[in-house]
Amino acid sequence: IMGTVREQHPCRAWLVRMLCFQPRECPENANCSNASVQNGRLAGVFRRDVSEENSAVILHILRRSEWEDARLRGEYRPLSLDAEGFIHCSTVGQAIATANIFFSAASDLLLLQIDESKLTAELKFEVPINADDARPGTPFPHVHGPLNLDAVVAVIEFPCEVDGSFKLPVSIRDFAS
């Protein structure tokens, strides 16, 4: 199910918490319609309108070698793009759980901070279809095409802690509030 988040949607407050990173962005960027609600959760595909003045960021976790390869090629095309049709990303609020689930104890990781307004490929917020996902019903940002490198506004070291878990780097904590 596909839709745009509209201000009058009954679950607007929930969508704002899930899709926005800074409270001042919410009235301008969170617009929804045609979303379906199942068991109190929104399902489907969500798109956020992003203006130049008020852009939002998403994050992508990758290995340093993958980033170096992307820089040489001029675009980022991970295996997931060919296998699933999109690049997996996270919101600032989702990044730590994603890292702890899929990258526990991994070293040599980077976080790409991506400006949504600079993407040339389509961005959709989609609910994972994997029944084993620990976060069912939560929409995640997916980039449906190669990542143009000029949309990457920061490349951040993302080391794991001694116990193998991750913490949000200081340089992006402000986006989480």
Q: Could you go through the side chain to side chain contact (heavy atoms under 4.5 Å, CB included) check for Val92 and Val57 one step at a time?
A: CA-CA 8 Å; Val92 174; Val57 298; 4.1 Å; yes
Residues 76-89, side-chain donor-acceptor partners within the protein, below 3.5 Å, at least two apart:
residue : atom : partner : partner atom : Å
Tyr76   : OH   : His60   : NE2          : 2.8
Ser80   : OG   : Phe86   : O            : 2.9
Glu84   : OE1  : His88   : NE2          : 3.2
Glu84   : OE2  : His88   : NE2          : 3.1

Q: Answer yes or no: are there more than 12 heavy-atom neighbours, outside Arg73 itself, under 6.0 Å from its atom CZ?
A: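 Atom CZ in Arg73 is crowded, with more than 12 foreign heavy atoms closer than 6.0 Å.
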Tell me, do [X] and [Y] make a side-chain contact under 4.5 Å, heavy atoms counted?
X	Y	result
Ile172	Gln113	yes
Ile114	Val153	no
Leu149	Trp67	yes
Leu147	Leu112	yes
Leu123	Phe125	yes

Measure the [atom1]-[atom2] distance between [X] and [Y] for me, rounded to the nearest 0.5 Å.
X	Y	atom1	atom2	answer
Ile96	Leu168	CD1	CG	4.5 Å
Ile156	Leu59	CD1	CG	7.0 Å
Thr120	Glu75	OG1	CD	8.5 Å
Ile58	His142	CD1	NE2	9.5 Å

Q | ring pair (Phe, Tyr, Trp, His ring centres under 6.0 Å) assessment of Phe158 paired with Phe166 | A | CA-CA 8 Å; Phe158 196 38; Phe166 291 87; 4.7 Å; yes
Show the nearest heavy-atom pair for residues [X] and [Y], with the distance to one decimal.
X	Y	result
Arg63	Ser107	NH1-O, 3.2 Å
Ala121	Val143	CB-CG1, 3.8 Å
Ser104	Asn100	CB-O, 3.5 Å

Q: Check step by step if side-chain hydrogen bond (donor to acceptor under 3.5 Å, both in side chains) holds for Gln94 and Thr91.
A: CA-CA 5 Å; Gln94 297 167 334; Thr91 64; 3.3 Å; yes
Q) Would you say Phe102 and Leu111 are hydrophobically clustered, going by side-chain heavy atoms of ILVMFWY under 4.5 Å? A)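 Yes, Phe102 and Leu111 fall within the same hydrophobic cluster.
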Q) Is Arg64 salt-bridged to Asp108, cutoff N-O under 4.0 Å? A) yes
Q: Step by step, work out the side chain to side chain contact (heavy atoms under 4.5 Å, CB included) result for Thr98 and Ile101.
A: CA-CA 5 Å; Thr98 299; Ile101 291 169; over 6 Å; no
